[in-house]
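Have a look at the structure below before the remarks.
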Amino acid sequence: MITKFIKRILRRDPMVKHTQANHTGAPKRIPKKAHRIDPHLLSKNAVKVTHTLQQAGFEAFIVGGAVRDLALGIGPKDFDVATNATPDQVQRLFRKARLIGRRFQIVHVTFFGKGHPEIIEVSTFRALLDNAGDHVAESGRILRDNVWGSQGEDAARRDFTINAMYYDPSSETVLDYHGGMADMQKKTLRMIGDPAKRYREDPIRMLRAIRFAAKTGFTLDTATRAPIAKLSNLLQDVPSARLFDEILKLLMSGYSWAAIQGLRDAGLHHGLLPLLDHILDSGEGSKDANDFVKLALANTDERIQAGKSVSAGFLFATLLWPDLLKNWKANIAKGVSNIAALNSAMDDTIATQSSGMTIQRRFETDMCEIWSMQPRFEKRVGRYPYRLIESPRFRAGYDFMLLRCATGEQNPSIGKWWTDFIAADPAGQEALMAAAKTELGSSAGSPTKRRRRRKPKSDSSPEPEAA
Ligand code: ATP
Ligand code: MG
């Protein structure tokens with residue numbers, strides 16, 4: 001008891017350092033018994049990286065989202081390491097190390113194991129760029145970010161307190177500069193520094209706030225939340241590719257439905273995806289569109305939480321489908337033939353989308369393939385079903401069609417027919433086609449009009465409909 005007391009007076013006890021941390025700029029040192037991080041959840045390769053750097057005389061820590069996830073008892077999906085070694089010094093220490101990035105130079109250290117190769121991202125402690133002149137745009141947005149600094153400075157330029165903790169696997173200690181661990185206990189997501197200023201520096205942080213709140217179930221601290229609605233238009237200045245990456249992360253977080261609700265509540269959804277404008281603005285959205293997107297996202301979340309892969313092209317195809325369907329129907333009402341109406345609707349939907357956030361070309365191609373396949377599921381006679389099954393993207397198109405069946409937008413019996421057709425042997429397939437023919441009359445599935453060939457968008461455009 002007395003020793004404990006003396007230790008406290010001498011400030012050697014970690015708990016005492018903790019309380020001093022925010023005033024002196026020194027971090028809280030959180031020992032194993034307080035943070036309870038399970039070392040089994042650590043990546044062996046990340047530990048190898050910190051160890052090698054430390055052996056070479058540098059400081060090295062696991063940092064950021066990995067520490068947050070470890071403290072939550074979740075196995076992180078990737079590991080970042082922060083060090084006082086410069087990128088060149090890091091690169092010299094590892095065989096498979098690659099310098100990447102310009103705005104934010106980091107080193108990728110790759111390890112090849114039994115499964116997928118693992119990349120550990122190593123970044124050098126960076127300074128805050130408060131008055132860094134040409135590093136900052138007029139709006140306050142940071143343009144370049146390669147000024148090295150101390151660990152304390154590195155912590156201060158991170159976004160949320162729970163993302164600014166450093167874990168040293170050797171001593172099993174967490175260094176906490178901004179009260180991240182206390183916020184974890186309070187289940188609070190708090191921006192480091194002045195939130196409005198931090199959002200101006202990098203408006204993407206507003207989307208990150210929503211994503212992490214959805215993922216952790218934490219509440220946004222009032223001051224962190226307050227400026228978002230007013231600053232939401234700053235997202236327009238963010239380069240489209242970066243915006244796209246962040247939206248993709250949000251949709252692939254395993255909590256996409258919650259995150260999209262969060263975007264709406266924060267008034268952040270405008271201009272990101274037309275479908276969000278359509279369905280999330282109260283009163284405007286149709287129940288069907290809402291149901292379709294909700295089901296698609298629930299399906300995605302379920303797959304991601306079960307560790308299964310999700311294709312981004314598929315996901316965007318679902319998100320834009322209500323918009324596409326609306327345009328498709330409108331074109332048909334104008335007297336345009338079915339497939340031409342679909343093709344022109346696809347162009348319109350993509351054009352509207354691009355005015356907000358451009359979807360990467362390769363995902364756009366996937367999307368178009370999935371969409372173009374949809375009318376082909378109607379045709380269940382002759383060679384049509386066999387040709388469709390052979391399309392390289394058949395599986396995605398089929399899954400998409402099942403989703404349409406689940407919301408009743410497509411006839412569920414067609415979904416069942418295809419499920420049976422895939423599983424059947426050749427005789428069974430013939431029998432299924434015969435049944436479809438009887439069901440729909442002898443003209444079942446035959447095109448009413450000659451199909452017009454869609455001008456290919458790119459090399460891998462959808463296979464044109466058989467005439
Ligand atoms: P996850 O990888 O689970 O999506 P994460 O927190 O690891 O979450 P990353 O984008 O991998 O997110 O970034 C790693 C760390 O870098 C963050 O934890 C944070 O400390 C810092 N960081 C990333 N983006 C920003 C940003 N826009 N502003 C400030 N700090 C950031
Ligand atoms: Mg990460």
Side-chain angles (χ1 to χ4, degrees), residues 27 41-43 46 61-83 100-101 103-106 108 118-130 135-136 140-146 149 151-167 174-178 180 183-184 189-218 224 228 231 234-235 237-239 241-256 259 304-305:
L41 292 176
L42 290 171
S43 143
F61 302 84
I62 290 169
V63 70
V67 185
R68 172 198 70 221
D69 290 349
L70 288 165
L72 284 169
I74 304 171
K77 64 174 163 45
D78 47 41
F79 282 81
D80 298 329
V81 165
T83 176
I100 60 161
R103 176 180 179 265
F104 197 105
Q105 211 174 50
I106 52 174
H108 273 180
E118 184 180 7
I119 295 176
I120 307 294
E121 235 175 66
V122 186
S123 56
T124 305
F125 295 149
R126 277 165 170 81
L128 267 172
L129 295 177
D130 257 358
H135 293 292
V136 183
R141 188 158 67 83
I142 291 180
L143 304 173
R144 281 209 339 251
D145 211 359
N146 273 331
Q151 187 180 38
E153 288 173 303
D154 188 75
R157 52 156 281 283
R158 291 180 182 273
D159 45 10
F160 303 98
T161 60
I162 61 168
N163 282 351
M165 297 187 281
Y166 299 75
Y167 178 68
V174 169
L175 301 191
D176 179 5
Y177 283 83
H178 295 281
D183 281 341
M184 299 246 352
L189 196 60
R190 189 190 313 274
M191 179 63 80
I192 296 169
D194 169 23
K197 181 166 174 265
R198 305 299 314 280
Y199 294 137
R200 281 202 189 89
E201 280 173 4
D202 182 2
I204 282 285
R205 289 173 184 151
M206 296 189 274
L207 295 178
R208 289 175 62 85
I210 304 300
R211 171 159 65 94
F212 293 130
K215 178 176 167 173
T216 55
F218 287 13
T224 299
I228 294 182
L231 299 178
L234 291 180
L235 283 173
D237 301 340
V238 175
R242 213 171 152 233
L243 199 56
F244 177 81
D245 282 351
E246 191 55 39
I247 289 290
L248 193 58
K249 280 191 190 170
L250 188 140
L251 294 173
M252 300 280 205
S253 63
Y255 299 87
S256 62
I304 289 179
Q305 287 178 22

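By convention here, the first residue in the shown sequence is residue 1. Indexing begins at 1, ligand by ligand and atom by atom, following the structure's order.
- Listed by chain and residue number, Arg211 satisfy the salt bridge (charged side-chain N to carboxylate O under 4.0 Å, His left out) test with Glu246 (two or more places apart in sequence, or in another chain).
- Residues Thr161 and Asp176 form no side-chain contact, since every pair of their non-hydrogen atoms from C-beta on lies 4.5 Å or further apart.
- When the ring pair (Phe, Tyr, Trp, His ring centres under 6.0 Å) test is applied to Phe79, no partner is found at least two apart in sequence or on another chain.
- Protein residues having at least one heavy atom under 4.0 Å from any atom of ligand 1 are Gly64, Gly65, Arg68, Lys77, Asp78, Asp80, Arg157, Arg158, Asp159, Asn163, Asp202, Arg205, Arg208, Arg211, Phe212, Lys215, Arg242, Lys249, listed by chain and number.
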For side-chain hydrogen bond (donor to acceptor under 3.5 Å, both in side chains), just list the numbers for Tyr166 and Asp154, CA-CA rounded to whole Å, side-chain angles, deciding distance to a tenth of an Å, and then say yes or no.
CA-CA 10 Å; Tyr166 299 75; Asp154 188 75; 2.6 Å; yes

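- Under 3.5 Å, the side chains of Arg68 and Asn163 contain a donor-acceptor pair of N or O atoms.
- Not counting sequence neighbours, the partners of Phe244 by the ring pair (Phe, Tyr, Trp, His ring centres under 6.0 Å) test are Phe316, Phe363.
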